[in-house]
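Worksheet: the structure to be examined is printed underneath.
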Amino acid sequence: MGSTALRVRFAPSPTGYLHVGGARTALFNWLLARQSGGVFVLRIEDTDRTRHVAAAEQKILDDLRWLGLDWDEGPDAGGDCGPYFQSQRLDIYQRYVEQLLEEGNAYYALDTPEELEAMRADARKAKRASTYRRPDPLPTVKEGLAARDRGQPAVVRFLMPPGDVVVHDLVRGEVRVPQDEMEDFVILKSDGWPTYHLACVVDDAMMKVTLVCRGQDHLSNAPKHVALQQALGFQTPQYAHLPLIFNLDGSKMGKRDKHVAVHEAVARLIRDGKWTIDTVGEHARIDADGASRWFGDKKAGRKPEFQALDMDGLIRLAGHAGVVLPEIDVHDFRVSGYLPEALGNFLNLLGWSPGDDREHLSRDEAVAAFSIDRIVKSNAKFDRDKLLALNTHWCAGVSPGRLLEAFRDFTQTGGSALNALDDGTASRVLEACKGLRTFRDVENKAGALFVADAQLEYDAKAVRKVLAKNDGQGYAMLERLLPALDSLATWSPDAVEALLADVCEKYDVKLGDVAQPVRVAVTGRTISPAIGDTLMLLGKERTLTRIRNCLAAVA
RNA sequence: GGCCCCAUCGUCUAGAGGUCUAGGACACCGGCUUUUCACGCCGGCAACGGGGGUUCGAGUCCCCCUGGGGUCACCA
């Protein structure tokens with residue numbers, strides 16, 4: 001790998017939460033750095049002022065940390081190549097633009113949007129790839145500046161030098177792009193901010209990045225970047241372009257998916273008369289105008305504007321509408337009760353494999369095993385079933401302490417009612433929920449134990465099938481059980497289960513005939529931890545209270 | 001549409017010319033376990049897109065076709 005240490009970077013743009021695809025890229029870069037003693041740089045590419053989302057950086061950093069990916073240089077970490085926000089490096093880009101301009105490698109372009117559109121149309125008709133027609137003669141810098149000062153749109157374009165460009169990609173080999181495929185792309189926007197291409201090339205050079213590992217959607221950018229590097233006299237880093245990740249059905253994993261899912265549910269609620277537009281605003285905590293823009297108005301022919309609602313509002317709205325959001329961001333999985341160990345393991349296996357039959361890799365094992373030449377070339381699909389299986393595996397394999405820690409993050413981040421539990425209780429709940437697939441399972445299985453007794457809701461179907469059937473056989477069983485439980489001296493899972501077993505023998509019935517009525521009576525549902533654990537968690541008093549309440553309700 | 005990239009079970013993948021009657025995992029199907037839901041255990045189904053070459057021999061190399069994807073912005 002040469003004499004200098006490896007320096008890699010992850011460069012997200014703060015437009016929302018950390019996407020799983022981005023997380024995979026970050027993970028691979030991190031792995032590369034950690035296994036080689038190299039440096040992992042985090043850089044925020046916030047040069048798009050229109051798409052910038054407030055506090056998005058913090059969310060991204062937070063989810064990166066949650067995944068266990070730490071960076072050596074970047075926001076909160078500092079470093080010698082900062083600042084690590086592109087919005088704070090504007091003067092640097094300006095310098096290089098001037099250099100390019102002076103050396104005749106760039107020029108001011110004064111085309112109007114209409115002219116550009118016309119060029120695109122022409123190119124399409126002529127079946128040409130590049131659309132931009134270089135002006136002849138080129139405007140001088142003076143003319144450009146003058147036009148800009150007059151308020152005319154003026155951008156700076158890179159003057160693409162003649163000759164094909166070859167990119168040496170570590171996963172794809174040599175990629176050659178013919179010269180006429182590349183046009184004079186914009187490097188400085190009319191608002192004075194750099195485009196991605198310029199900022200990225202300049203920063204990678206100044207931050208001494210030796211290897212650029214990113215998604216394959218950037219492959220077609222690589223030749224442009226190489227040409228720019230040559231014009232600026234920069235060294236070209238090594239490149240590795242990762243295969244892309246799609247939904248199982250082949251569609252892209254876009255954040256639109258979430259809006260669409262919620263929108264459909266809300267439309268249904270409104271159609272059924274259960275909600276109005278005001279309800280939407282209320283739940284999403286946005287004003288009436290925002291709500292109506294987000295939802296759209298069919299009669300007025302107004303399409304939904306999804307940007308009217310940010311992700312946090314959308315999450316709130318989804319909660320109220322009873323929609324499980326399609327999970328596409330790291331944060332979604334965090335809120336859904338996944339372990340970072342599992343998500344990381346899963347992402348690690350998307351586009352890479354260790355080469356043997358191992359599927360379960362700890363982070364340390366991944367650091368040891370990872371290598372760029374084992375990266376797969378073809379795109380992958382995100383199979384949630386497999387992720388679920390991995391999560392199940394890690395939930396079972398992780399230490400009780402670690403599981404508790406992760407569970408607390410889940411209840412906190414997702415706003416679970418179980419967040420109120422103390423550590424001791426939470427541990428016992430986790431223990432009683434062994435076999436869990438996600439932390440949501442814990443909520444579903446044990447949540448009813450922690451609502452107030454008077455608030456306990458009974459599932460009608462469960463009552464019918466377990467308690468009421470056969471002339472109230474279940475209720476009868478409860479009547480018999482009540483005094484026995486009441487007089488039970490030691491309240492432990494074993495003692496409770498022994499008592500139930502005795503009852504079975506005494507009345508010659510199956511364990512299910514006695515345990516299920518109790519379960520339904522104390523939880524309102526047919527699902528809960530093992531009956532001994534369920535009653536233990538509930539405590540003797542509340543168990544008896546709930547059974548009495550249940551009996552009283554039918555009396 | 002131009003250009004670029006890719007192509008093994010439904011999915012993630014192993015496979016770097018003979019050891020491939022193609023391996024593993026998830027999903028699925030059967031069975032076992034079981035007081036619910038899960039978990040767990042055992043077994044089964046299931047793939048080299050098509051056509052040409054090269055070679056004694058091709059899933060593995062080459063070409064074409066087909067299919068999928070990316071990209072063609074003053075977004076990154």
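By convention in this document, chain letters (A, B, ...) are assigned in the order of the sequence lines, proteins followed by strands, and residues within each chain are numbered from 1.
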In chain order, what residues pass the ring pair (Phe, Tyr, Trp, His ring centres under 6.0 Å) check against Y108(A), with sequence neighbours excluded?
none
5'-most by nearest nucleotide on RNA chain B - E497(A) or T195(A):
E497(A)
Which comes earlier along RNA chain B counting from the 5' end, the contact point of E174(A) or that of G435(A), where each point is its nearest nucleotide?
E174(A)
Within the 4.0 Å heavy-atom criterion, would you say [X] contacts the bases, only the backbone, or no part of the nucleic acid?
X: N221(A); answer: base
X: H241(A); answer: nothing
X: P113(A); answer: nothing
X: T15(A); answer: nothing
X: V186(A); answer: sugar-phosphate
X: S13(A); answer: sugar-phosphate
X: A530(A); answer: base
X: R440(A); answer: nothing
X: K252(A); answer: sugar-phosphate
X: D217(A); answer: sugar-phosphate
X: R519(A); answer: base

Under 4.0 angstrom between [X] side-chain N/O and [N] OP1 or OP2:
X: R176(A); N: C4(B); value: no
X: K434(A); N: G40(B); value: no
X: R51(A); N: A76(B); value: no
X: S528(A); N: C37(B); value: no
X: R157(A); N: C74(B); value: yes

In whole Å, what is the span from the [atom1] atom of [X] to the [atom2] atom of [N]?
X: R148(A); N: C74(B); atom1: CZ; atom2: P; answer: 18 Å
X: E183(A); N: C3(B); atom1: CD; atom2: P; answer: 16 Å
X: E443(A); N: A38(B); atom1: CD; atom2: P; answer: 18 Å
X: L242(A); N: G70(B); atom1: CG; atom2: P; answer: 16 Å
X: I187(A); N: C75(B); atom1: CD1; atom2: C1'; answer: 17 Å
X: N348(A); N: A25(B); atom1: CG; atom2: P; answer: 19 Å
X: M160(A); N: C72(B); atom1: CE; atom2: C1'; answer: 14 Å
X: K224(A); N: A73(B); atom1: NZ; atom2: P; answer: 8 Å

Between [Y] and [X], is there a side-chain donor-acceptor contact under 3.5 Å, judged purely by atom types and distance?
X: N221(A); Y: Y196(A); answer: no
X: H197(A); Y: H225(A); answer: yes
X: E341(A); Y: S362(A); answer: no

Partner of [N] by Watson-Crick or G-U wobble geometry, both contacts under 3.5 Å, or none?
N: U71(B); result: G2(B)
N: A16(B); result: none
N: C48(B); result: none
N: U55(B); result: none
N: C41(B); result: G31(B)

Expressed as a whole number of Å, how far does the [atom1] atom of [N] sit from that of [M]?
N: G49(B); M: U55(B); atom1: C1'; result: 23 Å
N: G23(B); M: G15(B); atom1: C1'; result: 8 Å
N: C9(B); M: C5(B); atom1: C1'; result: 24 Å
N: A58(B); M: A38(B); atom1: C1'; result: 47 Å
N: C12(B); M: G68(B); atom1: P; result: 16 Å
N: A25(B); M: C6(B); atom1: C1'; result: 23 Å
N: G30(B); M: C48(B); atom1: C1'; result: 28 Å
N: C26(B); M: G44(B); atom1: P; result: 15 Å

Are Y458(A) and R525(A) side-chain neighbours, meaning at least one heavy-atom pair lies under 4.5 Å?
no
Would you say that M536(A) contacts W491(A) through its side chain, given a criterion of any heavy-atom pair below 4.5 Å between the two side chains?
yes
From the options [options], select the nucleotide whose nearest atom is closest to the side chain of [X].
X: E181(A); options: U35(B), C74(B), G2(B); answer: G2(B)
X: Q516(A); options: A27(B), C5(B), U35(B); answer: U35(B)
X: L116(A); options: C72(B), C26(B), C74(B); answer: C74(B)

Does the E183(A) side chain pair with the main chain of T131(A), one donor and one acceptor, at a distance under 3.5 Å?
yes
Would you indicate whether D91(A), at its atom CG, is surrounded by more than 12 heavy atoms from other residues, nucleotides or ligands within a distance under 6.0 Å?
yes
Compute both the distance and the angle, then confirm whether R43(A) meets the cation-pi test with F85(A): under 6.0 Å from the six-membered ring centre, within 45 degrees of the axis.
no
Tell me whether the guanidinium CZ or amine NZ of K224(A) lies under 6.0 angstrom from the six-membered ring centre of F185(A) and within 45° of its axis.
yes
Looking at C5(B), does its base get a donor-acceptor pair with the side chain of R172(A) below 3.5 Å?
no
Ignoring hydrogens and geometry beyond distance, is the side chain of R525(A) in donor-acceptor contact with the base of U36(B) at under 3.5 Å?
no
Quick one: closest heavy-atom pair of R363(A) and G344(A), and the distance?
NH2-CA, 3.8 Å
Identify the two heavy atoms, one from L64(A) and one from A26(A), that lie closest to each other, and give their separation to 0.1 Å.
CD1-CB, 4.0 Å
Any chance you could list the contact pattern along nucleotides 7-24 of chain B? Use B for base contacts, S for sugar-phosphate-only contacts and - for none, protein heavy atoms under 4.0 Å, 5' to 3'.
S--BSBSSS-------BB
